[in-house]
Structures are given as structure tokens and as C-alpha cells.
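The structure appears below as C-alpha cells.
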Amino acid sequence: MANLYKKDAPFQVHISFQKYLDILEHIRYNDRLEYRASYAESLIDKTRNFRELRDGFQDVSLLEKHEDLIRLLLADLFPTGLTNNEIKAASIPLSNITFNYTERFKNILKDAGKDFEIELRNIDDDEFYVFCCCLIVQSYFKRDIRSSLPFYYDIPNRQGIMKHYKITVNSDFTEVYPTEGTKIPSDGILDMLLENLDDITLWKKYFPNESWILKGFTIISLVDCTSEVALSDLKSSMISIDPENLSPDENLIEIFKSYFDVPELNFGLMLFNTKDQRLEKLPIYENLFTHHILDFWINAFDEETRKNTFSNINYNSKPFVISNVENLDQEIRSLPSFKILKDNNINSFMVIPIMKDNELLAIMEFTSPVKSSFNGLKLKKMEFFTDMILFSLNRFSFEKNYQIEAIIQREYTSIHNSVVWKFRNEAEKYFNASLSKKIYTLKQITFKNLTPLFGFSDIRSSSEKRFHLMLEDLNRQIGCLHGIFSLITADSEKYILAIEIFANELNNEIKADSEQRFQRLLREEIHPFLQAKLEIKTSSEAKAKIKDYFAQIHTQNDLFYSSRKRLDNSITLVNRKLADMLDEGQAEAQLIFPHYYERFKSDGVEHTLYSGQNIAPELPYTSKVVQRLRYWQLKTICSMEREFRNFRKDLAVPLDIASLIFVYNEKIDIRFRMDEKRFDVDGAYNSYYEIIKKRLDKAHVKGSSDRITCPGKITIVYFGMENQREYLEYIGKLQKKDILQNDIEFLKVEDLQGITGLLALRVSLA
């Protein structure tokens, strides 16, 4: 066997008892006590015929062959009187092969199961290799580097609890020397290696695999440090919470089992919401933690009782432990809470409030089906990591609030990343002034001389579709009511007449308030009448129709809504898909030049970009930047149209979109309006741009009744021939890529109120 390690190592290992036999030789000839000299001579004589024990061997089977002899040889190192107390064995140096166990060590391995294989804990191949090299440096080169990585064995006990044992190694009976032909590194190289412990390639260059010989055996002693290791693992688990990438630690329950030495343990933790006075689960641990007792507190008590309970906890925050629920007073055993314990097979438990500044932050529960699993001593062990849990929860709460603020900023306000620096500058001035007890008035946030890019993808004829689907819903509802009233002849004549009048009105001369008056009739008269019919003797057919009717109404407005809901769902899908594409593409545009970006969803998606030197003063801003952004905008609008074609067939209601880009050459100023918490154009002159934007949606081709926008085509509206030449170039690029067709239309836009001279290009998607 060339190598006794599962991992690569710089050693060839030879199991040998030579150094120990040399000690026995010394005792034989030099010890003044005759019985010790005779004992040493006897041991040497017994090994005389087994030269391999002195010369060394690599065949592990010889350990079993000479098991009795080795036990006799090492008897002084393994006193019989300590065999049931010490966890000790001989070992092949730095390997997982052990032998000559004490009785206690044997029993530990027996409880672990016949399939258990002992291995070092948490050391990867590269770390192991460098550690072996450091031992060579320390032993052979006599460098005092004190290479003492802590080694552990993880061994489960009979109940399945993982126990952790720290390993101490006695290497007095080993020696290290190079193989023939091995090049010995110089002192300078050793210094360089010790400065680069993480460079495994470098270490392997000067200490190649199996280039040294490690001869002898070691004595390993194990110390049970389960609580210390579990506490360390628990702290690591708590510290490693990452709010941006939350994932549950599946080992947390196992760590608690080891720490408390409880094989059947369940754990629960809930945060306390001070504002709402209620407990809240940690979502990522919802399927891992159990909350039998805390769930009872949430669900069983009324709101007032819960608030009183939590208020009392603030005044008396002592944890409590019940070792055996069977020992509870009879009065307590009759309470509903005791039934919860029995229903969930809880026979021992601890409940621990986590407090911060005399305020309740969270509550933990530990439960077990095994009686006497928890007691005052287990509760005392909580003190060692309560501060760590408090630190972790505080950090989680801080990061959670930080992320919530980021979501609010991203989703609900207009403080875009590209302009947030200016807000931070003002906020920092305000903050520094407050530290100096000075008064500072926040200045208005404005950006001047910006070039706007505006575009939209509008869902065509959505209002007309919504109107027709409303009629469809209402007529179906009237028909359903007519069918019900035809089965209920008594007292229903006036309702039949009323709904017939409404049916005629809806389909002939619908008025602005027709829908509202119909709602009022339903809410105040028809629905109460039908509800009453369900309570009294009515035919089963009529009752079935009434129940089916109420199942179809929309509870918010008492109307049938299924047809309009299909439209709403279709519009929502279109808006979401288009907005997602726009947002994704916009991140690419930010790389061209940082700019302020906003978009809105209604019946379609519209967007505006503002770019200029003011947004990013440190970057060069030229007309080339504007051209690149304009080309990006046209290309992105085309991509959105093409994507719409792909998912249009999935819509519940067929829809069309029409896209437009408005090219505006004048500069715009924008200002953040504190009252509305959003940016808006600044000044009367700049408002002209906003007026044009609002009127382009329904604009027509001059001298025609056709809208300038058209489904399946991109419309580009502009003022001068310079813009026309610019966009013809962009269109040409996209035509070469087979994105646009060669059917460009040159149009004039009808005169709008206060707006004349607008031109347009229109081109079809390929």
C-alpha cells in the first residue's frame, strides 16, 4: 500500500514502533528498578520475531494480525485503570485509521453503528496537504511555527445525537525524513511558503506528493466538546444570515440537539411586531421550525388577551421550563393550552422571551416528546448564546428594514439610482448640520438641460372593448335574474319589469348612470329579496339557481364581472411583460450613459428618459450619447412589439398594441416635487413638452381619420428634417437585421391645439 491517506499528502507513511522499542531498550539497560527492566526486556523479546514492527510496514491488515501483541506492547501508554474513562487510541499519523482503543472509545464507536466511518471534520484536501507540509517544516527543519489546527471527530451516539470530540495528538513516536532524491527547500523558500499558506500549487512544487517519509505511530486522545462546538456552529449559523439571499440553515435543529443533548427536539422562533402587538414567523424557516406553543398563542387568544399577555411578558420576561408536563397542577391540566401540549405529544418544553432594552423582540420555544428533556440546567445553557441570538435578530431586523426601504424606493418612489447621489449629498449636508446643532434647509433637487426620450406602447381600443364586455356581463346577469324570477312567481313581477327596462336601456339608449342605478337596484332590493328566498321554503331548482347567481357576482360591486375580468387579466399580462422588457433593456441603456428613467402602466406602458451632463457630471456627454440612446429606444420598442406577437395568442381577450416614439430636441429641466414625491418638468416653457406628449395618443394623420399609431407598426413623431435623417439611419440598421420592413411611410400629423408642424415616420415590424 503506497499511501494510507484518502487525500493526497507529501508523506509516504510507514507504521512503525521503532521509537517506542528504543525507549524500552533504554529502560532495559538503564532503569534502576529491576522489575521495570525485566518488563521491558520481556516486551522486546516478544517482538523480536516480528521485524516489521520495528522496520515499518504499510499493510494495514498487520495491525489486526498483531492486535494482541500491540496491545501488550502499548500497555504502559493505555493504563487498564483508565480504559473506561479515557477516549484514547493509537493512530496511523494524520489518517483516519485508528487501533488499540480504550474501552470507552470502543463503546463510542459501537454506538455509532457498524457502518460509521471515522473522519476528520471540516478540513478540505488543500488545507490537509498544507498542514502536512507544515508538520515537516516544524519537525524536520525545526521551525517553531506552532502549526496547531484544531482537529475534530464527529461521532453520533446511540440516540443519533451528533457528538463532537476534539483530538489531541502525541507525536513522540514518529519521525520525518525525505525520500531518496528529494530536493530540500532552502530557508528562503520556506519563508516564502509560510507567507503563502493558501497557495497549494506552490506548496506542492516544493513538497511533492509522497516525497517525504513519515514513520511511527501517534497516540490520539479525544475530549468531548459537543457543547462548545455546537455553540460555535450556532453562532456561525446566526452570523451568516444574509437578507439578500435568505435560505434556511437545515442543520440548526441538529445543532440544538447536540447542544442540549436532546435526541428528539423541536425548535420554534417568532419575531414580535411591536407596532401590531403580534408574533410573526420567519418565512424562510416556516417549514423547518415548529411553533406548537407560539401558534396556540397566536390563534387561540382574542386580540385583547394576546396584547395583555405580551404586555405582561415585558414586565416579567423570565423564561420558564417544564421538565415533565404530567407533573403540572390539575388546574393547569384542565386548560385548553394543556390539550395543545398533549395533542402535539409535548412532554417537556422551554419558552424563552428575547428582550432588548426591556422590550420584547422575539420568543423561542424548545419542545420534546421525551419527558425530562429540559430542566433548569438546560435553561442555564441558554445564557451562553442568548446574546448571539439577540445580535442576529437585531442585524436581521436592521437589514430587513434596509431592504424594505430599498423596495419602497425602487417600487413606489421616483428616486432613481442615477439621480440618488444628489439626494444623498443634500441628506449628508442636513445630517452633518444636525450633528453640529446647526439649522440647514434642504434645497430643491433639480436637473437642468436634459434631453428627453419619450415613448409608449398603447393597448388599442381598450375602452371600447371594456364597454362591450360590460354590456356582455350585465346582459348575462339580467338573463340569469330573469331565469330566477320566472321560477319565483310570487312578488317578483316588479323585479322582472325593472330588469327588462334596464335591459332595453343598456342595449339601446344607455346613459352615463345606467350601471350605477342598476347596482343600486341590485344592492337595495333584488339581492335582499333573493337572500330571503334562500331562507324560506323555495323550490330546490330556484335555490340552486340563486346560489349559482351569487357565486358569479363580484362582491365589490354586486355585478357579474367575468368578461371584464378576462380583459383586465389580459391587460395586466401585457403591461407586465412589456414593462419587464423595458426595465431589463433600460439597465443596458444605463451603461451607455446614466440617466433618469420612469415608466407608467395603464392601458399599455409609457416611458421617459432624461439624459444630460447634470445627471453624471464626471462623465463626458456628447451628441453621440443621445444618438446611442435614441437607437437603443427604437430597438427596444421593436423588441417589445415582437415579444407581444409571441404571447398575444395566450391572452384571454384578443388585444393589439400600437407603439410611438416622440423625438424632442429642446432641453428640459426637471424638479423633484416634495409634495408628490416624484420628478416633474420645471417651468412653463418646459410644460410645452408635456402637452405634446398627452395629445399624441389620439392624434390623426393630417387630412385623414386614421390615427398616426397603428398596430404592428412603429410611429416616430418629430419636428424637423434633421431628426428624419437621423431616424432613417436607425431604421436602415434594423431593416438590415430583418427587424423592420421596407415600407416606410412619411406622414404629417394633424394640427393639435397649440401644436403645428409635427411630422411622422411609420414602419412595419418584420
Approximate separation, where rounding is to 0.5 Å, of Glu750 CD and Ser705 OG: 10.5 Å
Any side-chain heavy-atom pair of Asp558 and Gln519 under 4.5 Å: no
Pick from Gln586, Glu598, Gln633: which one makes a side chain to side chain donor-acceptor pair (under 3.5 Å) with His607? Gln633
Taking all non-hydrogen atoms of both residues into account, name the closest pair between Ile661 and Leu634 and its distance. CD1-CA, 3.7 Å
Taking atom CG of Leu582 and atom OH of Tyr597, what is their separation to the nearest 0.5 Å? 3.5 Å
Asp751 and Gly757 have their tightest heavy-atom pair at OD1-N, 4.2 Å
Side chain to side chain donor-acceptor pair (under 3.5 Å) between Asn665 and Asn723, worked out: CA-CA 9 Å; Asn665 296 320; Asn723 292 136; 2.7 Å; yes
Are Tyr621 and Phe593, when compared by the centres of their aromatic rings, separated by less than 6.0 Å? yes
Mark yes when over 12 heavy atoms from residues, nucleotides or ligands other than Lys543 sit less than 6.0 Å from its NZ; otherwise mark no. yes
Is there side-chain contact between Ile510 and Phe467, with at least one heavy-atom pair below 4.5 Å? yes
Is there side-chain contact between Thr715 and Cys710, with at least one heavy-atom pair below 4.5 Å? no
Using every non-hydrogen atom in the two residues, find where Lys511 and Arg517 come nearest and quote the distance to one decimal. CD-NH2, 4.1 Å
Parallel, tilted or perpendicular: which one describes the rings of Tyr689 and Phe454, with boundaries at 30° and 60°? perpendicular
Nearest 0.5 Å please: distance from the CG atom of Leu578 over to the CG atom of Leu573. 9.0 Å
Would you say Lys649 has more than 12 foreign heavy atoms packed within less than 6.0 Å of its NZ? yes
Parallel, tilted or perpendicular: ring planes of Tyr631 versus Tyr730, cut at 30 and 60 degrees: tilted
Nearest 0.5 Å please: distance from the OG1 atom of Thr451 over to the CD atom of Glu666. 10.0 Å
Candidates Arg460, Arg648, Lys465 - the one meeting salt bridge (charged side-chain N to carboxylate O under 4.0 Å, His left out) with Asp656: Arg648
Worked check of salt bridge (Lys or Arg N to Asp or Glu O under 4.0 Å) between Glu690 and Lys694: CA-CA 6 Å; Glu690 289 294 311; Lys694 288 179 172 59; 3.5 Å; yes
State, to 0.1 Å, how close Leu629 and Ala589 come at their nearest heavy-atom pair, and which atoms those are. CD2-O, 3.8 Å
Is the count of non-hydrogen atoms from other residues, nucleotides or ligands lying under 6.0 Å from Glu722 atom CD greater than 12? no
Value for CG (Asn475) from CD1 (Ile499), rounded to nearest 0.5 Å, stands at 11.0 Å
Between Tyr495 and Phe529, is the ring centroid distance below 6.0 Å? yes
Stepwise, does the side chain to side chain contact (heavy atoms under 4.5 Å, CB included) test hold for Phe456 with Lys693? CA-CA 10 Å; Phe456 63 73; Lys693 280 170 52 178; over 6 Å; no
Can you tell me if Glu584 has over 12 outside heavy atoms packed within less than 6.0 Å of its CD? no
Between Glu500 and Asn504, do the side chains contain a donor N or O and an acceptor N or O under 3.5 Å apart? no
To the nearest 0.5 Å, atom CG of Asp568 lies from atom OH of Tyr561 at 4.0 Å
Does Arg476 form a side chain to side chain donor-acceptor pair (under 3.5 Å) with Ser562? I'd like the steps, not just the answer. CA-CA 10 Å; Arg476 194 163 56 83; Ser562 60; 2.5 Å; yes
Lys/Arg N to Asp/Glu carboxylate O, Glu729 vs Arg725, below 4.0 Å: no
Among Arg576, Lys577, Arg599, which residue satisfies the salt bridge (charged side-chain N to carboxylate O under 4.0 Å, His left out) criterion with Asp583? Arg599
Could you walk me through whether Asp473 and Gln477 pass the side chain to side chain donor-acceptor pair (under 3.5 Å) test, one step at a time? CA-CA 6 Å; Asp473 280 331; Gln477 186 169 9; over 6 Å; no
Relative to the ring of Phe662, is the ring of Tyr664 parallel (under 30°), tilted (30 to 60°) or perpendicular (over 60°)? tilted
Can you establish whether the number of heavy atoms outside Lys422 located under 6.0 Å from its atom NZ is more than 12? yes
Quick one: does Leu481's side chain get under 4.5 Å of Leu522's, heavy atoms only? yes
Counting C-beta onward and ignoring hydrogens, is there a side-chain heavy-atom pair between Tyr727 and Val763 closer than 4.5 Å? no
Could you pull out the closest heavy-atom pair between Lys545 and Ile484, with the gap in Å? O-CD1, 3.8 Å
What pair of heavy atoms forms the shortest contact from Ala699 to Val749, and how long is it? CB-CG1, 4.1 Å
Test log, rule side chain to side chain contact (heavy atoms under 4.5 Å, CB included), inputs Leu474 and Phe502: CA-CA 9 Å; Leu474 295 180; Phe502 268 110; over 6 Å; no
Got a salt bridge between Glu515 and Arg564, using NZ or NE/NH1/NH2 to carboxylate O under 4.0 Å? yes
